[in-house]
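Working notes, beginning with the structure itself.
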Amino acid sequence: MIKLHDLYFKPFISSEQIDEAVQEMVDDISKDMGDVIPVFVGILNGSFMFASDFVKKYPKPCEVTFIKLASYEGVKSTEDIQRLIGLTQDLTGREVIILEDIIDSGKTLEEVHRIFTNENVKSLKIATLFYKPEAYNKDYKLHYIGIKIPNAFIVGYGLDYNGLGRDLPEVYQLKTEKPMTNLVLFGPPGAGKGTQADFLKAKYNLVHISTGDVFRYNIKNKTALGMLAKSFMDKGDLVPDKVTIDMLNAEVDKNSDANGFIFDGFPRTNAQADALDKLMESKDSQINAMVALEVDDEVLVKRLLKRGETSGRADDADESIIRNRIKEYYAKTAILKDYYSAQDKYFGVDGVGSIEDITVRLSSVIDKI
Ligand code: AMP
């Protein structure tokens with residue numbers, strides 16, 4: 001995803017796809033032109049990249065010139081087309097092919113036809129790399145079309161948003177969904193993830209999903225999922241990936257209008273981390289950071305035994321189950337530090353101290369993301 005001015009854009013058409021489309025247009029046009037030397041007229045500014053790539057591929061002699069028109073303001077096609085540079089050479093009797101980057105409403109095309117009304121060219125044909133059939137409301141024939149696209153605002157490969165984006169070699173589409181902030185709150189059992197998540201969700205207006213809490217809710221309500229999870233949780237083992245991933249997906253889907261999520265207790269395995277990346281990708285989003293609370297094992301055991309005095313959690317009451325949960329963490333979960341470090345998304349925070357101090361430490365990391 002990229003940001004231009006105030007808006008976000010997501011990848012839409014790769015440079016390889018553009019290259020193929022340009023080549024096909026070159027093949028069609030050069031075949032139709034035969035031995036005639038055409039005059040290609042690029043419409044500036046947008047078509048500079050297309051015109052350049054097109055004529056480089058064109059296998060026979062040709063002439064190239066430009067006219068400059070302006071039609072866009074922000075992300076809307078305006079009614080007024082300004083002619084900034086008109087034709088500068090006599091094209092009487094010539095076969096002219098307009099090279100347009102995009103045909104949208106057809107307003108620019110109308111102006112192009114007006115420009116050519118009295119030029120006495122032998123033929124005037126239109127070639128456009130991108131075409132929005134849903135937006136086009138004119139009757140002019142489009143002779144060559146590269147790629148048909150839906151009616152969305154695009155940038156890149158010559159096309160801009162208020163001056164930015166023309167230089168990009170591929171095309172991006174305006175992202176209409178608002179960007180989310182998604183955090184993985186990480187650390188061994190007893191590190192204080194739940195306590196901190198309560199503060200962070202309020203501060204950053206995020207939805208907190210604790211897989212442990214969702215399992216406990218299901219156990220309390222004696223659902224099939226709860227009964228299945230209970231057998232693993234009571235021993236301090238992890239619930240199988242498939243069960244946990246399906247449940248997490250459902251929890252995320254329940255909150256489709258969230259500003260973002262704090263994932264607490266998930267992911268706990270590589271398979272879960274992969275599944276989470278895929279889920280975020282399907283929502284045009286991503287995990288922004290894994291923020292990890294780092295706490296010594298012996299401190300964890302003490303904290304959990306203390307919590308067990310009041311939490312009512314069977315897995316907090318017994319030291320050997322607590323130690324098994326910590327062992328599971330090191331055996332299966334701690335490797336996720338590498339997973340997120342490889343993406344430059346891992347941030348370790350000292351998890352020992354007062355609750356307030358730790359919240360401040362976490363916030364200072366999150367504020368920088
Ligand atoms: P927690 O409340 O995060 O300490 O989780 C309590 C227990 O729920 C764990 O010991 C596991 O048995 C189960 N659990 C919670 N989250 C997951 C997960 N992401 N993958 C597998 N099991 C989980």
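Side chains included, hydrogens not; waters and symmetry mates left out as well; all remaining heavy atoms used. Order of listing sets the numbers, starting from 1, for every ligand and every atom in it.
- Nearest protein heavy-atom neighbour of atom 20 (N) of ligand 1: Q272 NE2, 2.9 Å.
- Closest to atom 22 (N) of ligand 1 among all protein heavy atoms lies V239 N, 3.0 Å.
- In this structure, the separation between NZ on K175 and CG on D284 is 5.0 Å, given to the nearest 0.5 Å.
- Residue P189 has no nitrogen or oxygen atom sitting less than 3.5 Å from a nitrogen or oxygen atom of ligand 1, judged on distance alone.
- Interface atoms of ligand 1 facing G265, defined by a heavy-atom separation under 4.0 Å, are 16 (N), 17 (C), 18 (C), 19 (N).
- The backbone and the side chain of L238 each have at least one atom closer than 4.0 Å to an atom of ligand 1 (non-hydrogen atoms only).
- Every atom of ligand 1 is numbered from 1 in the order shown, and the set under 4.0 Å from a heavy atom of D237 is 11 (C), 12 (O).
- Between F232 and ligand 1, a contact under 3.5 Å exists for no N or O pair.
- Remark: D28 does not engage K31 in a salt bridge, criterion side-chain N to carboxylate O under 4.0 Å.
- Heavy atoms of R216 approach ligand 1 to within less than 4.0 angstrom.
- For D264, no heavy-atom contact with ligand 1 is shorter than 4.0 Å.
- Close contacts between ligand 1 and T244 involve ligand atoms 18 (C), 19 (N), 20 (N), 21 (C) [criterion: under 4.0 Å to a heavy atom].
- Every atom of ligand 1 with a heavy atom of T211 under 4.0 Å away is listed here by number and element: 15 (C), 16 (N), 17 (C), 19 (N).
- Among all heavy-atom pairs drawn from M247 and T211, the shortest one is CE-CG2, 3.6 Å.
- Distance from atom 23 (C) of ligand 1 to its nearest protein heavy atom, with residue and atom name: F215 CE1, 3.8 Å.
- Surrounding OH of Y58 are more than 12 heavy atoms belonging to other residues, nucleotides or ligands, all under 6.0 Å away.
- At a threshold of 4.0 Å, the pair E294-K193 does not count as salt-bridged, since none of the basic side-chain nitrogens sits closer than that to a carboxylate oxygen.
- Only side-chain heavy atoms of R313 come within less than 4.0 Å of ligand 1; its backbone N, CA, C and O stay farther off.
- Ligand 1 is never approached by E328 to a heavy-atom distance shorter than 4.0 Å.
- Other members of the hydrophobic cluster containing L206, listed by chain and number, are L183, L185, L200, Y204, I262, V291, L293, F347, V349, I358, L362, V365, I366, I369; membership follows side-chain contacts under 4.5 Å among ILVMFWY residues, whether direct or relayed.
- Under a 3.5 Å cut-off, the side chain of E328 and the backbone N or O of L238 do form a donor-acceptor pair.
- Counting atoms of ligand 1 from 1 in the listed order, those under 4.0 Å from a heavy atom of R325 are 4 (O).
- Summarising the local packing, NZ of K306 is surrounded by 12 or fewer heavy atoms from other residues, nucleotides or ligands at distances under 6.0 Å.
- Heavy atoms of other residues, nucleotides or ligands lying less than 6.0 angstrom from CD of E281 number 12 at most.
- With K132 contributing its side chain and A152 its backbone, the two residues share a donor-acceptor pair below 3.5 Å.
- Polar contact with ligand 1: absent for D213 (N/O pair, distance under 3.5 Å).
- Judged as a salt bridge (Lys or Arg N to Asp or Glu O under 4.0 Å), and not counting sequence neighbours, the contacts of K56 are D53.
- In this comparison of R268, K230, K193, M233, the heavy atom closest to atom 1 (P) of ligand 1 sits on R268.
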